Asker: 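Encoded as structure tokens, here's the structure I'll be asking about.
Nothing here was measured: the structure is a model prediction, and the numbers come from that model.
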Amino acid sequence: MPSESERCFPALRLSAWIMDSLSPNFSSARAWCVPCLVSLDTLQELCRKEKLTCKSIGITKRNLNNYEVEYLCDYKVVKDMEYYLVKWKGWPDSTNTWEPLQNLKCPLLLQQFFNDKHNYLSQVKKGKAITLKENHRALKPAVAEYIVKKAKQRIALQRWQDELNRRKTHKGMIFVENTVDLEGPPSDFYYINEYKPAPGISLVNEATFGCSCTDCFFEKCCPAEAGVLLAYNKNQQIKIPPGTPIYECNSRCQCGPDCPNRIVQKGTQYSLCIFRTSNGCGWGVKTLVKIKRMSFVMEYVGEVITSEEAERRGQLYDNKGITYLFDLDYESDEFTVDAARYGNVSHFVNHSCDPNLQVFNVFIDNLDTRLPRIALFSTRTINAGEELTFDYQMKGSGDVSSDSIDHSPAKKRARTVCKCGAVTCRGYLN
């Protein structure tokens, strides 16, 4: 199973062509190749430790001995002079040094150091687990340990955020935030932008026909050919009731990218933040901008598997207490979307019994009614900073089923307590 560094950080392959660039000269470098999937920083640390240069990873003779503060690890006062233990960027921990405050030109890192120290002491005081008297001449080991963990977490989350934004294909930016605990990036999650078919499943993403409209808003367009109404108004808001399928213009249509019937296919337009919740629900997603009611927010994507495979995985997920299976039950119940390992931002959207997102089935290039795309639209105006949620029992038909677990997108056999806190909370996710 890939390690966290393999998944979250840019992977590099250290092979003969890289070894050739190392100094001193390795005459036998071309005789072997080593796959290296550690982070860039780790490779840089190894190079500096061995005093090697490697242009491929950014270590040259000019910057081999450069020192830049990565984070601050500890604090002490010696003879009335303040010192900070510095972790140098691109250098191993063994090279950490105590530096006087007057030598440090990193106000942001100093502020983060004091914030982390204050947060830790506040948590200890609130929990009343132990009593710590603040020592103004040195930090307690537990405080310093927390500060280092928080600094490493901050770096890991920033790398993950950068990786998510490199992989996403939509306009909206993705941000990551954790001010609650020391949890880092998930260790087994891979960001994808569209369905990933499991072995043996074929997704035909090529429409067989398209419209020839000059103005799809007024002419007989793809929805009319499918026997349904155009889903959107002139403000790009959905106007059809839940349970009605959306048929957007596809790759065979003669209309352009500005067609009013091309909404879901353009992807998320809003900047969203994956954040750590404070109510025990793990990660969640909040919007950083105001979202108008009835607007498209995001797709629910993941690995497309058979319903039989979903039953098998569902048993495993029950034991772990996770819920990521979404039935594609618009017309039949042959396939399920599993977003546990492969998914997009929707992987982190939490359940609510009073959600602000509604599920709709969408057909664009793939017109197979067994394999609709799942789109989430806002049910009301959602203000900046508000968490996004949908009902895990909500079906593409617009119904909410409480009679059978198998009718829910969240296929869980055990009763799972709901923590949504809504006035209308049903008490359980299923």
Side-chain angles (χ1 to χ4, degrees), residues 3-12 38-51 57-59 63-78 81-124 132 134-166 174-187 273-276 283:
S3 66
E4 180 176 312
S5 62
E6 293 174 13
R7 183 195 59 74
C8 297
F9 313 141
L12 299 176
V38 297
S39 71
L40 176 63
D41 284 351
T42 300
L43 290 178
Q44 291 177 339
E45 290 176 6
L46 290 172
C47 279
R48 286 196 166 102
K49 183 178 181 180
E50 300 298 329
K51 300 187 183 304
I57 59 174
I59 302 297
N63 66 18
L64 178 61
N65 294 311
N66 282 5
Y67 287 87
E68 177 186 351
V69 179
E70 185 170 26
Y71 56 87
L72 304 175
C73 309
D74 205 347
Y75 168 85
K76 67 180 180 181
V77 177
V78 179
M81 183 174 288
E82 295 180 282
Y83 288 86
Y84 288 85
L85 184 60
V86 175
K87 166 65 172 69
W88 301 104
K89 187 174 183 179
W91 290 87
D93 290 343
S94 59
T95 62
N96 292 0
T97 57
W98 286 97
E99 300 293 333
L101 174 60
Q102 63 191 35
N103 290 355
L104 299 178
K105 309 299 179 184
C106 50
L108 178 60
L109 294 179
L110 284 166
Q111 187 61 52
Q112 288 177 343
F113 182 90
F114 281 107
N115 289 345
D116 292 341
K117 172 188 171 186
H118 173 75
N119 290 339
Y120 177 80
L121 294 176
S122 298
Q123 291 173 16
V124 170
L132 283 179
E134 188 170 351
N135 188 340
H136 295 284
R137 303 192 67 84
L139 293 183
K140 295 287 187 181
V143 181
E145 181 182 359
Y146 173 84
I147 290 174
V148 170
K149 287 181 178 180
K150 197 65 183 175
K152 290 182 177 180
Q153 178 206 50
R154 193 175 289 114
I155 293 171
L157 291 179
Q158 181 62 51
R159 287 171 175 163
W160 184 40
Q161 176 179 298
D162 294 342
E163 178 70 8
L164 294 177
N165 283 291
R166 278 193 295 269
I174 303 173
F175 295 86
V176 179
E177 173 188 291
N178 185 351
T179 60
V180 175
D181 54 30
L182 291 171
E183 186 73 17
S187 60
C273 179
I274 301 170
F275 74 105
R276 196 71 176 170
W283 295 102

Asker: Donor-acceptor pairs under 3.5 angstrom involving side-chain atoms of residues 174-186: please list them, not counting sequence neighbours.
Answerer:
residue: Glu177; atom: OE2; partner: Lys286; partner atom: NZ; Å: 3.0
residue: Asn178; atom: OD1; partner: Val180; partner atom: N; Å: 2.9
residue: Asn178; atom: OD1; partner: Asp181; partner atom: N; Å: 3.1
residue: Asn178; atom: ND2; partner: Asp181; partner atom: O; Å: 3.3
residue: Asn178; atom: ND2; partner: Asp181; partner atom: OD1; Å: 2.8
residue: Asn178; atom: ND2; partner: Glu183; partner atom: O; Å: 2.9
residue: Asp181; atom: OD1; partner: Glu183; partner atom: N; Å: 3.0
residue: Asp181; atom: OD2; partner: Arg276; partner atom: NE; Å: 3.1

Asker: Over 60° means perpendicular and under 30° means parallel, so tell me whether Phe113 and Tyr75 are parallel, tilted or perpendicular.
Answerer: tilted
Asker: What's the shortest heavy-atom distance between Trp88 and Asn96, and which atoms?
Answerer: N-OD1, 4.2 Å
Asker: If you apply the rule side chain to side chain contact (heavy atoms under 4.5 Å, CB included), what do you find for Val124 with Val143, and how did you get there?
Answerer: CA-CA 10 Å; Val124 170; Val143 181; over 6 Å; no
Asker: Using side-chain contact (heavy atoms from CB on, under 4.5 Å) as the criterion, point out the one residue from Leu139, Val148, Ile147 that pairs with Cys73.
Answerer: Val148
Asker: Which distance, rounded to the nearest 0.5 Å, do you find between the CD of Glu70 and the CZ of Arg154?
Answerer: 11.5 Å
Asker: What is the distance from atom CG of Leu108 to atom CD of Gln112, rounded to the nearest 0.5 Å?
Answerer: 4.5 Å
Asker: Take Lys149 and Glu145 through the test side chain to side chain contact (heavy atoms under 4.5 Å, CB included) and record every step on the way to the result.
Answerer: CA-CA 6 Å; Lys149 287 181 178 180; Glu145 181 182 359; 3.3 Å; yes
Asker: I'd like to know whether Tyr67 forms a side chain to side chain contact (heavy atoms under 4.5 Å, CB included) with Val86, so could you lay out the CA-CA distance, the side-chain angles of the two residues, the decisive distance to 0.1 Å, and finally the verdict.
Answerer: CA-CA 10 Å; Tyr67 287 87; Val86 175; over 6 Å; no
Asker: Distance from Leu109 atom CG to Tyr71 atom OH, nearest 0.5 Å?
Answerer: 11.5 Å
Asker: Under a 3.5 Å distance rule, please check whether Trp91 uses its side chain to pair with a backbone N or O of Asn66 as donor and acceptor.
Answerer: yes
Asker: Give, for atom CE of Met81 and atom NZ of Lys76, the distance between the pair rounded to the nearest 0.5 Å.
Answerer: 12.0 Å
Asker: Could you check whether Gln158 and Asp162, counting side-chain N and O atoms only, form a donor-acceptor pair closer than 3.5 Å?
Answerer: yes
Asker: Would you mind listing every salt bridge (Lys or Arg N to Asp or Glu O under 4.0 Å) that reaches into residues 89-114, with sequence neighbours excluded?
Answerer: none
Asker: Quick one: pull up CG in Leu72 and CG in Leu85 and give me the separation to the nearest 0.5 Å.
Answerer: 8.5 Å
Asker: For the rings on Trp98 and Tyr83, is their centre-to-centre separation under 6.0 Å?
Answerer: no
Asker: Students often mix this up, so state it plainly: with edges at 30° and 60°, are the rings of Tyr146 and Tyr120 parallel, tilted or perpendicular?
Answerer: tilted
Asker: How long is the straight-line distance from CD of Glu68 back to NZ of Lys87, given to the nearest 0.5 Å?
Answerer: 10.5 Å
